[in-house]
Amino acid sequence: MTDIFQDLQWRGLIKDSTDPDELARTLADGTVTFYVGFDASGPSLHIGHLTQILTARRLQRAGLRPLILVGGATGLIGDPKDTGERTLNPPEVVAGWVKKLQSQLTPFVSFEGERAATAVDNLDWTGALSAIEFLRDIGKHFPVSQMLNREIVKTRLSGAGISFTEFSYQVLQANDFHELHRRYGCTVQFGGSDQWGNITAGVDFCRRRGAHVQAFTTPLVTRADGTKFGKTADGQSVWLDPDMTSPYAFYQFWFNSGDADVGRYLRYFSFRPREEIEELEKATAERPAARAAQRALAEELTTLVHGERETAQVTAASRALFGRGDLTELDPSTVDAALSEAGLLSVPELPSVATLFKESGLCASLSEARRAVAEGGAYVNNERVTDADAPPSPDLLLHNRFLVLRRGKRTIAGVALTT
RNA sequence: GGCGGGUUGCCCGAGUGGCCAAAGGGAGCGGACUGUAAAUCCGUCGGCUUCGCCUACACAGGUUCGAAUCCUGUACCCGCCA
């Protein structure tokens, strides 16, 4: 088995860590239990979480035992973010999210065998804590000077301010690490690099109580052009939940990775061996237009998250919709399937083009749809539209039923007549 | 608790009575160029029954022919003092 620490380093998955030599030795020891946490702060995980999810999968495959924590307690408090105070979510809502996230995480690690993962929820030990216990047994170990020194706290103090609730968040997360050490013998925590402050708080807390533990973080995934990673072509977050982000959109997201980014993404996310990844990086350098790396990345991740069947449908749809071929040459079942993947709008009769673009979700409002037409960025069956308020000609209907709507170069939706 | 400052469109940020749907920048969107890439240039960027109308400058009320701009109250934020 290849050295997992070296593998992670080669992939660029280690940003910060406690003593690297010691961490390397620890990870090489097959008896280690580690933990990674996800707060229940939304109804689904998104691809920003994928780095952590897949790193957990790698560690388990390397022989380590995962504790997958979903933060039912910390989700009720809110990790401070630099823009300002969060709105508290109702407990029953958070409880629902905990369930969802747990089931979403399940497929990525194995809950069987000797390295079986364990799902944990910090509400189990935090919920029962009394204020006295919290302040005497836990709070006493936290110097406020250190808490104030954390980057996020400083940012908030010099800007939007911070409530005691969010200020205390780090204490809860630190206590999680100690609790998992006590209950499961967990000695390693990792998380996203934005969690480094919270993670070191946990390491310190454990050490103050006599437990020697270690930690590392994975880097924030970025794009070479400096824009934010993790948004679809139309600006939506890319969720793992297929009802929130369709497998088609998910596939398209990865497929559209830039040349300057795709190599890094393969290293972060792909389970291909090093040689194959280097081969794909070379392919990108030599024949970028073929986009072999993008295709491989998109197919592998869509399969991992949504399964083989979905992936087959989605790749077929992408080929049909972006293919050179004349749309009229596609057979009805192909058109139907492809448009269903892209998002199909059913209408009893054809309204104006602007309405179609709005209803299909390609444009947020009628005004935006009219603007799109005026800008020359609206197409029906690959023909540029010039009149936003007229319905498309029935002659355009493919197989007397379908229309392919396109906004810009690559955002596509379908229309089907329901007759 | 006292005093002072602040709250503008997705974000930052101008604007102190009419010329303001609101400067400028960023993001986003579209076009050209391409490879469903990047960079660049150009355009666009509240809504609608779109040559016009409606809703908007924290919230509620008021002054005025007319308010993002003035007054009153409420909420929240920041700073100094206690």
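Sequence lines set the chain letters: A, B, ... in the order given, protein chains first and strands last, and positions in each chain run from 1.
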For every nucleotide of nucleotides 37-42 of chain B, 5' to 3': is a protein heavy atom under 4.0 Å from its base (B), only from its sugar-phosphate (S), or from neither (-)?
-> BSS---

Side chain of E375(A), base of G31(B): donor and acceptor closer than 3.5 Å?
-> no

Nearest heavy-atom pair of L23(A) and F5(A): which atoms, and what distance?
-> CD2-CE1, 3.7 Å

With rounding to whole Å, what would you report as the distance between G62(B) and G17(B) at their P atoms?
-> 23 Å

Looking only at G30(B), G31(B), G47(B), the nucleotide nearest the T411(A) side chain is G30(B)

Can you check each nucleotide of nucleotides 50-57 of chain B against protein heavy atoms at under 4.0 Å and return B for base, S for sugar-phosphate only, - for none, in 5' to 3' order?
-> B-------

Give a yes/no answer on whether the side chain of Y379(A) brings an N or O atom under 4.0 Å of OP1 or OP2 in G31(B).
-> yes

Determine the interatomic distance between C1' on C78(B) and the same-named atom on C71(B); round to the nearest Å.
-> 24 Å

Residues pairing under ring-ring contact (aromatic ring centres under 6.0 Å, His included) where one sits in residues 260-288 of chain A, two or more places apart or in two chains, turn out to be F229(A)-Y265(A), W254(A)-F269(A)

Under 4.0 Å between any heavy atoms, over every strand shown, what does R287(A) touch: base, sugar-phosphate, or nothing? Just pick one.
-> nothing

Do S270(A) and E300(A) meet the criterion of a side-chain donor-acceptor pair at a distance under 3.5 Å?
-> yes

Nearest-angstrom distance, C1' atom, C80(B) to G18(B) | 39 Å

Side-chain donor-acceptor pair present, T74(A), Q173(A), cut-off under 3.5 Å = no

Are side-chain heavy atoms of L45(A) and I53(A) found at a separation under 4.5 Å?
-> yes

Compute whether any side-chain donor of one residue and acceptor of the other, for W125(A) and D176(A), lie under 3.5 angstrom apart.
-> yes

Which nucleotide sits closest to the side chain of S365(A): G47(B), C29(B), A32(B)?
-> G47(B)

Please confirm whether F205(A) and F177(A) have ring centers closer than 6.0 angstrom.
-> no

Inter-nucleotide C1' distance (C12(B), U7(B)), Å rounded = 14 Å

Would T218(A) and Q52(A) count as having a side-chain donor-acceptor pair, cut-off 3.5 Å?
-> yes

A67(B) and U16(B): how far apart are their C1' atoms, nearest whole angstrom?
-> 10 Å

